[in-house]
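The next block holds one structure in the form of structure tokens; read it before the comments.
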There are 2 protein chains.
Amino acid sequence: MAVSRPSSRTTARAHWDSAATNFIREILDRVGDKWSVLIIGTLAECPVRYSELAEAIPGISPRMLTLTLKHLQRSGIVNRTAYPEVPPRFEHSLTDLGTSLLSTVLYLAAWPADHHREIRDHQSVSDAEASRTKR
Amino acid sequence: MAVSRPSSRTTARAHWDSAATNFIREILDRVGDKWSVLIIGTLAECPVRYSELAEAIPGISPRMLTLTLKHLQRSGIVNRTAYPEVPPRFEHSLTDLGTSLLSTVLYLAAWPADHHREIRDHQSVSDAEASRTKR
DNA sequence: CAGAATCCTCAGAGATACTG
DNA sequence: CAGTATCTCTGAGGATTCTG
């Protein structure tokens, strides 16, 4: 990662340059929220209608679905195509950029799957500690 | 990604099962916030003291640094070691779990770097559209 | 069907000041 | 040095209702 390490010996520690933090913000702005990843994952295979999205993602409100979709469209992740039919149909699909993002997100989602045991083991330990210090 | 696709033909669309959404929540809980990734990245190479972290991460308040560190400790990402010296010294380092998370986060951070051009190109397009519709 | 508008709330984030 | 303790305030997100 792009961390600048000043050559001067007076500053012993590296610090984040603004470019690196901007990269972090860039992805977190796109996939750091509650719904984006789920939407991106749902659009993975084929174009999806608004109501299908709402059905596929339990718990999302129409408001959040619309807002997140707009956000993803602005970010160039999602395409929205209108079909002037009756009843009206709007299909949402991933752009090329969105597809590339999907693959990194899949990588991300693999982490808790791969480390399931370590995560669970740690939790029992730290829960025990918490109850001990509380007493 | 673990998406269940019901075999019944009445439901055309896949929907997220709770295990899959839990995986998403799991990482987002850990790296979805503003500071966690920066802290994890700073701890990458060697143990770091509290004040070094504060210096390395511009703009973080003591409160957020403490809060995020505690959160990461609870999650088993970060170790905190106290050295009973004068002046007191506390070193924070990545656990094994934290190191594994770091590598997936580095992968994540590569995305905006790799797609820098596409992202920028799209932004000029959508900005132009925005100003056109606004008029 | 696919949303837009409106209202509400409450957790997260910052600033500031204090302490073992 | 390495944190707490308060206070405040913004804004993400939910519920509900209305519309092209």
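Reminder, nothing fancy here: chain letters follow the sequence lines and each chain counts from 1.
Comparing atom distances between the B:P62 side chain and each of D:dT4, C:dA2, D:dC1 picks out D:dT4 as nearest. Here D:dG20 is the nucleotide among D:dG20, D:dC1, C:dG3 with the atom lying nearest to any side-chain atom of A:P88.
Side-chain atoms of B:L106 and B:L102, non-hydrogen and from C-beta on, do get closer than 4.5 Å to each other.
Between its two ends, the helix from C:dC1-D:dG20 to C:dG20-D:dC1 turns its axis by 60°, counting five pairs per end and rounding to 10 degrees.
Between A:S51 and C:dA2 there is a side-chain N or O to OP1 or OP2 distance below 4.0 Å. Neither OP1 nor OP2 of C:dG3 sits under 4.0 Å from any side-chain N or O of A:K70. Taking 4.0 angstrom as the limit, A:R89 places none of its side-chain polar atoms (N or O) nearer than this to OP1 or OP2 of C:dA2. Between A:T66 and C:dG3 there is no side-chain polar atom (N or O) within less than 4.0 angstrom of OP1 or OP2.
Taking atom CG on A:L53 and atom P on C:dC1, their separation rounds to 14 Å, with Å as the unit. Between the CD atom of A:E55 and the P atom of C:dC1 there is a distance of 11 Å, given to the nearest Å. Rounded to whole Å, the distance from CG on B:L65 to P on C:dG12 is 17 Å. Rounded to an integer number of Å, the gap from A:I39 CD1 to C:dG3 P is 11 Å. Distance CD1 (B:I60) to C1' (C:dG14): 11 Å, rounded to an integer number of Å. The CD atom of B:Q73 sits 12 Å away from the C1' atom of D:dG3 (whole-angstrom rounding). In this structure, CG of A:L69 is placed 17 Å from P of C:dC1, rounded to the nearest angstrom.
Using a 4.0 Å heavy-atom cutoff across all strands shown, A:H92 reaches sugar-phosphate atoms only and no base atom.
Classification of A:E118 and A:R120 as a salt-bridged pair fails, no side-chain N sitting under 4.0 Å from a carboxylate O.
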Please list, pair by pair, any protein nitrogen or oxygen found under 3.5 Å from a nitrogen or oxygen in nucleotides 5-13 of chain D.
{"unit_1": "D:dG13", "atom_1": "N7", "unit_2": "A:R63", "atom_2": "NH2", "d": "2.6"}

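Figure legend: B:R25 and A:W35 shown as a cation-pi pair, the cationic atom lying under 6.0 angstrom from the six-membered ring centre and within 45 degrees of its axis.
For the residue pair A:D96/A:T99, the side-chain donor-acceptor check at 3.5 Å is not satisfied.
Under a 3.5 Å cut-off, the side chain of B:H122 and the backbone N or O of A:R74 do form a donor-acceptor pair.
Apart from B:F90 itself, the hydrophobic cluster it occupies contains nothing, where clustering links Ile, Leu, Val, Met, Phe, Trp and Tyr at side-chain heavy-atom distances under 4.5 Å.
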